[in-house]
Amino acid sequence: MSRATGGRPAAPPNRRSFLRHASEAQLRRIALASPQGEAHMDRLREWVAEAARHGYAVCSSEWDEGLTAVTGRSGAVIASLSLSGPSQRFSYEVIERFATALGEAARLISDQGFSHPLSPGL
């Protein structure tokens, strides 16, 4: 847990990307395993909605004070790419560019024939 979150667990953006397609039952199981228990469900839903709205996930000073991280996404999420650095270097415009570049990199990796046992169709 981070001091920046006041002892509350934060999920870095790559974990939030994985939550995007989680069922309510999966979110409930994750919440129940957290120190906040079922009360954490609302926060998980907020993270999922934010990632869906933007097409990427961001956390700023949630994991470590002054650290921002962004993850891009491409298709079904079985792995993620993320970039993190000092928050003062991550303006909204920069985050948009990073998310786009990360999504392009994810597509390139996927197009190279990356396969995983959890990939659709395998």
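Nothing here was measured: the structure is a model prediction, and the numbers come from that model.
Not counting sequence neighbours, the partners of E96 by the side chain to side chain donor-acceptor pair (under 3.5 Å) test are Y56, Y92.
Here the side chain of Q26 pairs a donor or acceptor atom with the backbone of S23 at under 3.5 angstrom.
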Criterion side-chain contact (heavy atoms from CB on, under 4.5 Å) on L44 and W47, from CA distance to verdict: CA-CA 5 Å; L44 291 173; W47 289 340; 3.8 Å; yes

Derivation and outcome, side-chain contact (heavy atoms from CB on, under 4.5 Å), residues R45 and V48: CA-CA 5 Å; R45 287 185 190 114; V48 168; 5.6 Å; no

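By the 6.0 Å contact criterion, CZ on R89 is open, its count of non-hydrogen atoms from other residues, nucleotides or ligands being 12 or less.
Two different hydrophobic clusters hold L27 and L32 under the rule that ILVMFWY side chains link at heavy-atom gaps under 4.5 Å.
Annotation: the span from M41 atom CE to S34 atom OG amounts to 10.5 Å, rounded to 0.5 Å.
Residues F90 and I95 share a closest heavy-atom pair of O-CD1, 3.6 Å.
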